[in-house]
Number of protein chains: 2
Amino acid sequence: MTGNTPDGPTAPSLDAGSRRSSPATLEDVARAAGVSLATASRSLNGSSRTVNAAYRSKVLDAAARLNYSPNLSAQAVARGSTMTVALVVADITDPYFSSIAAGVVAEADQGRLIVTMAATERDSERELEIVRTLRGQRPKVIILAGSRREGDPSEEALRRELEDYERAGGRVVLISRNELGFRTVQIDNASGAADLATALVGLGYRRFSVLTGNRELKTAADRLDGFTSGLERAGIRVEADRVVQSAFTRDGGYEGMRSLIAAGVQADEVVFAVNDVMAVGALSALRDAGLTPGADVAVAGFDDIPTVQDVWPTLTTVNVPLVEVGRAALRLALEETDASVSADSDASTAPGSPVATSVVVRDSTPRRA
Amino acid sequence: MTGNTPDGPTAPSLDAGSRRSSPATLEDVARAAGVSLATASRSLNGSSRTVNAAYRSKVLDAAARLNYSPNLSAQAVARGSTMTVALVVADITDPYFSSIAAGVVAEADQGRLIVTMAATERDSERELEIVRTLRGQRPKVIILAGSRREGDPSEEALRRELEDYERAGGRVVLISRNELGFRTVQIDNASGAADLATALVGLGYRRFSVLTGNRELKTAADRLDGFTSGLERAGIRVEADRVVQSAFTRDGGYEGMRSLIAAGVQADEVVFAVNDVMAVGALSALRDAGLTPGADVAVAGFDDIPTVQDVWPTLTTVNVPLVEVGRAALRLALEETDASVSADSDASTAPGSPVATSVVVRDSTPRRA
DNA sequence: CGCGATCGAGAAAGCGCTTGCCGAGCGTCC
DNA sequence: GGACGCTCGGCAAGCGCTTTCTCGATCGCG
């Protein structure tokens with residue numbers, strides 16, 4: 001760049017004049033404080049060794065005066081590890097994921113961690129590619145929030161990639177379902193759905209349809225299975241042609257509901273959509289077909305995303321504490337890395353036990369007379 | 001030339017055996033390919049200089065074999081600049097922000113950029129603090145998506161911080177409103193609101209109330225001003241006591257609507273909430289009060305977030321292409337940095353002109369007889 | 001009062017990568 | 001056929017930081 005610059009006596013950088021700009025470096029601080037680089041570094045971060053109070057405050061003063069802020073990349077290189085948490089979601093605009101993201105971000109900045117986001121757009125090839133490029137970041141943690149599909153050909157490659165990553169010292173955390181053999185914030189999809197089934201039977205419903213977003217999606221499958229087995233306990237079976245597959249999205253719910261309507265719906269029936277965004281789409285499909293959700297056909301969802309309290313009728317669903325799930329994911333990742341805070345982990349976030357879900361009955365499933 | 005293998009005899013890294021873990025470095029690749037570090041670096045990234053095809057492919061092979069992935073932190077240190085885009089939002093769960101975030105993320109990974117997220121929780125102190133800690137990341141771009149308040153005491157500090165950042169080579173982009181003198185993806189809040197007012201008058205409404213989330217919020221103020229001046233063009237004034245302030249959130253909308261109801265609402269009235277989440281809250285407040293939105297009181301919002309198509313009645317609002325706004329923000333930031341792609345920027349994202357908004361009339365504002 | 005133990009500042013060696021510069025090899029031009 | 005470029009590897013000097021190690025100074029203790 002500027003050549004050799006013996007720097008001391010000549011100080012060539014000053015004559016350049018007014019436009020100097022780059023942020024202060026640790027060396028600037030050390031020089032300004034009249035101490036060595038090592039002492040400056042230790043005063044500002046170095047935990048393992050103490051620094052004489054007088055020196056320390058000289059350094060702190062100088063740092064404040066120069067508005068010094070350590071270059072995180074350089075720290076990462078020197079330390080061999082970053083403060084980055086990588087969050088991989090399917091779709092940021094989906095409230096399910098944005099709630100989780102909010103939790104991760106909230107937890108992260110209590111630990112001075114940086115969170116980076118990437119979106120798979122529900123494409124497992126893209127997910128794999130994202131995880132691959134993530135390696136370059138050398139994140140401390142990778143959190144995978146989306147569910148994977150049954151029999152996905154790239155799953156094995158993903159697992160290997162993640163195993164390599166953990167072998168290099170990283171931590172992987174999965175959300176919802178342990179599909180790959182890593183730490184997981186489990187959401188009890190099956191028993192949540194079973195509880196919902198029980199509650200609906202209790203409300204007097206006897207006919208059931210299911211909007212299952214892509215049955216191959218393991219989360220969707222768990223919810224469907226839980227739901228049907230909950231019904232079985234009451235001696236009720238869901239007819240195969242009343243289980244319709246569609247995309248795991250709002251539009252998927254809309255389309256699925258349309259085909260259900262086309263096949264004929266009954267007034268004593270409840271349609272269970274395996275997630276809330278689909279349920280919300282289903283409500284709209286009903287209305288667009290001239291039906292009144294709740295009265296003509298009951299609807300229930302899963303997740304309890306914020307918006308379901310503002311649709312009409314308000315949606316019966318299974319609450320999942322999504323923001324808390326996001327926080328728990330990060331805590332779980334850091335658990336043994338930090339070697340602290342391990343004692344006070346409350347039951348709801350304990351490594352093994354799944355996050356508790358609870359049925360919330362609202363207006364979309366009125367009690368049958 | 002492959003015969004000599006100068007490193008053969010010593011090769012100390014191999015005997016370590018099974019537990020080796022850290023990712024391959026460029027040096028590993030260079031050694032495996034039998035070339036120098038420089039050549040390896042240039043083959044894998046170095047743009048300015050060409051590398052003999054034979055060498056190049058040896059390097060590429062070795063890199064693939066070792067599953068090499070360049071350490072981004074080290075690159076950042078060596079190059080003096082990162083590939084990071086920092087996005088600062090008020091609240092990730094708010095669809096307004098998550099839509100913008102989705103746009104930023106989508107645009108980012110077309111440019112191999114990494115996006116990091118932080119949430120201010122609508123607290124300007126926190127915002128300032130976030131921007132300060134962001135400096136450590138040395139991001140290439142900082143995108144500020146939230147609006148600021150009139151007369152905020154920390155605004156000046158924020159501006160200085162951002163100016164320092166730009167002086168150091170960064171790029172700041174604001175969204176919605178140029179409150180601080182940086183590049184901005186402007187959203188035409190005032191004229192969008194004015195158009196909405198005109199449309200509502202056209203539908204036969206003559207009485208208006210406004211739910212303004214914290215009047216000090218400049219975006220809220222612009223929308224209010226635009227709305228009232230649109231009405232003035234039709235010779236209509238909004239009575240001062242029909243403008244209620246509350247939080248810029250769903251709950252704020254709910255509370256605001258409650259107080260409007262308490263003061264008495266009329267059937268020929270439309271309540272304009274300055275954003276959609278507030279409007280959605282208002283709808284719920286109406287229903288909880290036993291009123292039927294649309295029929296008893298009309299409601300309109302602003303932003304056209306996805307959910308407003310699924311509430312009932314569907315919400316009349318002003319469309320803002322939020323995802324596109326996010327993309328445009330990043331493009332705008334990179335514009336002169338990249339020194340390319342500058343020609344084909346379509347009109348909607350041209351630096352100066354605000355993003356186009358358009359009124360969308362739905363069921364929440366039926367035509368008055 | 002002397003000697004080992006302790007403390008803590010500073011020099012310096014990295015961390016993984018980029019890039020300015022040198023110089024070997026080769027083509028080209030008159 | 002000789003001088004003059006060019007092209008392109010490789011050396012080595014960084015980038016901003018951490019951390020080991022060295023070593024002088026200080027302290028405690030008998």
Side-chain angles (χ1 to χ4, degrees), chain A residues 1-8 13 21-59 63 66 68-83 135-138 168-169, chain B residues 1-2 4 6-7 13 22-59 63 66 68-83 135-138 168-169:
Chain A
M1 289 101 205
T2 50
N4 60 350
T5 64
D7 69 277
S13 56
S21 53
S22 9
T25 69
L26 186 59
E27 185 171 352
D28 297 335
V29 174
R31 194 177 310 141
V35 302
S36 74
L37 221 50
T39 301
S41 171
R42 290 195 273 252
S43 307
L44 293 169
N45 330 310
S47 37
S48 63
R49 268 185 53 178
T50 58
V51 173
N52 177 313
Y55 281 68
R56 179 193 199 77
S57 71
K58 273 203 291 186
V59 172
L66 297 179
Y68 172 74
S69 157
N71 182 324
L72 260 36
S73 296
Q75 284 190 320
V77 168
R79 289 184 177 149
S81 74
T82 67
M83 294 299 272
R135 299 189 53 178
Q137 278 182 51
R138 308 281 191 270
Chain B
M1 45 195 69
T2 51
N4 60 352
D7 55 337
S13 55
S22 13
T25 70
L26 186 59
E27 187 171 350
D28 297 334
V29 174
R31 194 177 309 140
V35 301
S36 74
L37 222 50
T39 301
S41 171
R42 290 196 273 250
S43 305
L44 293 169
N45 329 311
S47 39
S48 62
R49 270 183 53 174
T50 58
V51 172
N52 177 314
Y55 282 70
R56 179 193 198 78
S57 71
K58 274 203 291 189
V59 172
L66 297 178
Y68 172 73
S69 158
N71 182 322
L72 261 36
S73 297
Q75 284 190 319
V77 170
R79 289 187 177 145
S81 74
T82 67
M83 295 298 273
R135 299 188 53 177
Q137 277 183 52
R138 308 281 191 271

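Chain letters run A, B, ... following the sequence lines, proteins first and then strands; every chain starts at 1. Every heavy atom of this structure was used, including side-chain atoms; hydrogens, water molecules and symmetry mates were not. Computed from a prediction, not measured in an experiment: that's the story for all the values here.
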Close side-chain approach of [X] to [Y], heavy-atom, < 4.5 Å:
X: B:V59; Y: B:V29; answer: yes
X: B:Q75; Y: A:S73; answer: no
X: B:L72; Y: B:M83; answer: no

[X] [atom1] - [N] [atom2] separation (whole Å):
X: B:N52; N: D:dC6; atom1: CG; atom2: C1'; answer: 14 Å
X: A:R135; N: C:dC17; atom1: CZ; atom2: C1'; answer: 17 Å
X: A:R56; N: C:dA9; atom1: CZ; atom2: C1'; answer: 15 Å

When you measure from the side chain of B:S69 to the backbone N and O of A:G136, does any donor-acceptor pair fall under 3.5 Å? yes
Generate the contact string for nucleotides 16-27 of chain D. Rules: B means base contact, S means sugar-phosphate contact only, - means no protein heavy atom under 4.0 Å. BBBBBB------
Interatomic distance, CG@B:L37 vs CG@B:L26, rounded to 0.5 Å, equals 5.0 Å
Would you give the length of the straight line joining atom CD of A:E27 to atom OH of A:Y68, rounded to the nearest 0.5 angstrom? 11.0 Å
Is A:S36 close enough to C:dA11 that one of its side-chain N or O atoms is under 4.0 Å from OP1 or OP2 there? no
